[in-house]
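Worth knowing before you read on, the calculation uses all heavy atoms, side chains too, and leaves out hydrogens, waters and symmetry mates.
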Amino acid sequence: MNRNDFCHHDSADSVRFARRPLLCFLVLAVAPLSTFAQWPQWGGPHRDFMVDAKNLADKWPDEGPKKVWERELGDGYSTIVVDDGMLYTMYRTGEDEFAVALDAKTGKTVWEHKNPSPTTQVMNEFGPGPHATPTVVGDKVYTIGSHAMMICFEKKSGKIVWQHDLVKEMNAHVPNRGYGSSPIAYKNTLIVFVDHKRDDDNDGDKEKNEPEAKPTDGQSIVAFDLITGSVVWKSQDLPVGYASPVIVKYDGRDQLVCLLSKNVIGLNPDNGELLWRQETNPEGANISTPVFDGKDTFFCSSAYDSGSRAIKLTNKDGKIVPEELWYSRKMRVHHGNVIRLGDYIYGSSGDFGPAFFMAVNLKNGEIAWRERGFTKANCVYADGKLILLDEDGQLALTKVDPKGLTVLSKCKIAERYAWAAPTLVGSTLYVRDRKHIMALDLSATSG
């Protein structure tokens, strides 16, 4: 299968590599991919949890793949970013949150920054975070904590370049479970969800006496200058959710696509102009990132009272018109991710109770198959294999196609709750649970 068949435009990655000298690309032509492979943001190089790693093992020993290193790390679900031999993530200890940089080869701390972040009853019940994943662009790394403290660091030294307390400065809305959306870079900007304070008890619902807002006004989505931190544009007054946005190319034009609390919208990432909007009814816990088919259709999924849907874009009289192709409650993705291969979506369905790993036809919503054996899970795809990590800490090497799931190897590698999605760079898999972080060697020669 051609890589271009299922990957979309990635502006953050292009900005980062555009600043590197030409020599880097000359060396890349003769060096192994793993030497320069990076994972600069939520979802990896293309924000789709798919990488071009090769020569991974086809089977693991019974005890699991070789462990390169393991160390303790505090609570949190922020995934692991990899860049220039460093790992970046966030964690919590007590009432403080930390942005941390680790040496990728050893796991040793290079620098960390502490920020006060008091927990709430809901956060303690469902997991205190931090939830958002850092973003690396050039020589800087950007983080957002549970209470919407956004900080730009020098990635090598940890020195603060600029910061914004979005709650104090912009009256930002922070859901009961804490801020959850991971930022995305586009050209010279960092785009984040902000919104304004609403009814916290309903995680984004309007106050009973609050007048109906105009969706064209407001600050639901805000773009900040990467270098100075100044506001470049603000857009929309629609309740936001926890899902992270994506940049895609439709009809030759870049779009910022955001799954919000009650809507899916497409914006012009240059200025925040609304290109299209589709209501999502019934509502649910909108946490999982939308997935694009590379042509004109998005897959969106939510847990609880909602489900999955496909939204197709069409150009009509110079305007982009969204249409819901299908809706089904048979697949409900909670806080996991999904992988698209061709016309099929593969992912974990379930909120409370049993979970199934499933395959769904993106064109019509039909379930191709569903399998037991895993709790709610995240996954990453490389070398023709799907690497699956469920919340109980089971790690599995699998193959998937529209006919079924084949488990090649499975082992217990982490503790419950392993909610952070795994990160794969070259043949090294980085995994964390709520107590530990580790590096695993998945290469064909590791054993």
Worked check of side chain to side chain donor-acceptor pair (under 3.5 Å) between Glu112 and Thr109: CA-CA 7 Å; Glu112 63 180 18; Thr109 299; 4.7 Å; no
Worked verdict on Met86 versus Asp103 for side-chain contact (heavy atoms from CB on, under 4.5 Å): CA-CA 5 Å; Met86 300 265 280; Asp103 184 284; 5.6 Å; no
Working for side-chain contact (heavy atoms from CB on, under 4.5 Å), residues Lys156 and Asp139: CA-CA 7 Å; Lys156 292 297 185 182; Asp139 60 356; over 6 Å; no
Working for side chain to side chain donor-acceptor pair (under 3.5 Å), residues Asp225 and Ser230: CA-CA 5 Å; Asp225 186 275; Ser230 59; 4.9 Å; no
side-chain contact (heavy atoms from CB on, under 4.5 Å) assessment of Glu371 paired with Met358: CA-CA 6 Å; Glu371 295 287 344; Met358 303 174 62; over 6 Å; no
Intermediate values then yes/no, side-chain contact (heavy atoms from CB on, under 4.5 Å), Leu341 and Tyr346: CA-CA 8 Å; Leu341 299 174; Tyr346 301 91; 3.9 Å; yes
Trace of the side chain to side chain donor-acceptor pair (under 3.5 Å) decision for Glu95 with Ser117: CA-CA 5 Å; Glu95 300 298 285; Ser117 180; over 6 Å; no
From CA spacing to verdict: side chain to side chain donor-acceptor pair (under 3.5 Å), His164, Glu169: CA-CA 7 Å; His164 288 297; Glu169 297 176 28; 2.7 Å; yes
Show which side-chain atoms of residues 408-416 pair as donor or acceptor with protein atoms under 3.5 Å away, not counting sequence neighbours.
unit_1 : atom_1 : unit_2 : atom_2 : d
Ser409 : OG     : Trp60  : N      : 2.8
Lys412 : NZ     : Asp392 : O      : 2.2
Lys412 : NZ     : Ala414 : O      : 3.3
Arg416 : NH1    : Asp392 : OD1    : 2.3

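Between Arg47 and Ser244 the shortest side-chain heavy-atom distance falls below 4.5 Å. Side-chain contact between Leu440 and Val68 is absent, with no heavy-atom pair separated by less than 4.5 Å. Here the side chains of Ile191 and Leu256 are in contact, with some heavy-atom distance below 4.5 Å. Taking the side chain as every heavy atom from C-beta outward, Tyr250 and Asp296 approach each other to under 4.5 Å. The side-chain heavy atoms of Ile184 and Ile247, taken from C-beta on, include a pair separated by under 4.5 Å. Two residues are said to be in side-chain contact when any heavy atoms from C-beta on lie closer than 4.5 Å; His436 and Arg71 fail this criterion. Side-chain contact between Tyr88 and Trp39 is absent, with no heavy atoms from C-beta onward closer than 4.5 Å. Two residues are said to be in side-chain contact when any heavy atoms from C-beta on lie closer than 4.5 Å; Gln255 and Lys249 fail this criterion.
Distance alone, capped at 3.5 Å, is enough to place a donor-acceptor pair between the Trp369 side chain and the Asp401 backbone. A distance-only check finds no donor-acceptor pair linking the side chain of Asn115 to the backbone of Glu97 [under 3.5 Å]. Side-chain N or O atoms of Trp419 include none that pairs as donor or acceptor with a backbone N or O of Asn378 at under 3.5 Å. Looking only at distances, a side-chain donor or acceptor of Ser348 sits under 3.5 Å from a matching main-chain atom of Ala377. Here the side chain of Ser349 pairs a donor or acceptor atom with the backbone of Arg332 at under 3.5 angstrom. Here the side chain of Ser308 pairs a donor or acceptor atom with the backbone of Met331 at under 3.5 angstrom. For the pair Ser146 (side chain) and Gly178 (backbone), a donor-acceptor distance under 3.5 Å is absent. Counting only distance, with no hydrogens or angles, the side chain of Arg92 and the backbone of Gly94 share a donor-acceptor pair below 3.5 Å. No donor-acceptor pair closer than 3.5 Å links the side chain of Asp433 to the backbone N or O of Tyr417. Checked by atom type and distance alone, the side chain of Asp83 never pairs as donor or acceptor with a backbone atom of Val136 at under 3.5 Å.
Val425 pairs in a side chain to side chain contact (heavy atoms under 4.5 Å, CB included) with only one of the listed residues (Leu429, Thr423, Thr428), which is Thr423. Remark: of the listed residues Thr135, Thr289, Thr133, Thr79, Thr289 is the sole one forming a side chain to side chain donor-acceptor pair (under 3.5 Å) with Trp42.
For Tyr91, the ring-ring contact (aromatic ring centres under 6.0 Å, His included) partners two or more places apart in sequence, or in a different chain, are Phe98. Considering only residues two or more places apart in sequence or on other chains, Phe193 meets the ring-ring contact (aromatic ring centres under 6.0 Å, His included) condition with none of them.
A side-chain donor-acceptor contact under 3.5 Å links Tyr186 and Asp254.
Taken to the nearest 0.5 Å, the CG atom of Leu405 stands 14.0 Å off from the CZ atom of Arg372. Once rounded to the nearest 0.5 Å, the distance linking CH2 of Trp233 with CG of Leu267 reads 5.5 Å. Here the CZ-OG1 distance, from Arg432 to Thr89, works out to 4.0 Å after rounding to the nearest 0.5 Å.
Val248 and Phe298 make their closest contact through CG2-CZ, 3.8 Å (heavy atoms, listed as atom of the first residue, atom of the second, distance). Taking every heavy atom of both residues into account, Arg253 and Leu275 meet most closely at NH2-CD2, 3.5 Å. In this structure, Ala420 and Ser78 approach most closely via the heavy-atom pair CB-O, 4.1 Å. Of all heavy-atom pairs between Ser261 and Asn286, the closest is O-ND2, 3.0 Å. Across every non-hydrogen atom of Gly347 and Val338, the tightest pair is CA-CG1, 4.0 Å. Taking each heavy atom of Pro128 and Thr119 in turn, the nearest pair found is CB-CG2, 3.9 Å.
For Arg434 and Asp75, the salt-bridge test passes: some basic side-chain N is under 4.0 Å from an acidic carboxylate O. Between Asp390 and Lys376, no side-chain nitrogen of the basic residue sits less than 4.0 Å from a carboxylate oxygen of the acidic one, so the salt-bridge criterion is not met. Here Arg340 does not pair with Asp48 in a salt bridge; the nearest charged N to carboxylate O distance is not below 4.0 Å. Under a 4.0 Å N-O distance rule, the pair Asp383/Lys385 qualifies as a salt bridge.
Taking a 6.0 Å sphere around CG of Asn124, one finds it holds more than 12 heavy atoms contributed by other residues, nucleotides or ligands. Within 6.0 Å of atom NZ in Lys435, 12 or fewer heavy atoms from other residues, nucleotides or ligands are found, so the atom counts as exposed in its surroundings. Within a 6.0 Å radius of CG in Asp305, other residues, nucleotides and ligands contribute 12 heavy atoms or fewer. No more than 12 heavy atoms of other residues, nucleotides or ligands shown are found within 6.0 angstrom of CD on Glu72.
You'll find the ring centres of His131 and Tyr179 outside the 6.0 Å limit. Aromatic rings from Tyr242 and His335 are positioned such that their centres are separated by 6.0 Å or more.
His334 and Tyr304 have perpendicular rings, their planes meeting at more than 60° on a 0 to 90° scale where under 30° would count as parallel. Using cut-offs of 30° and 60° for the angle between ring planes, the Trp69 and Tyr430 rings count as tilted.
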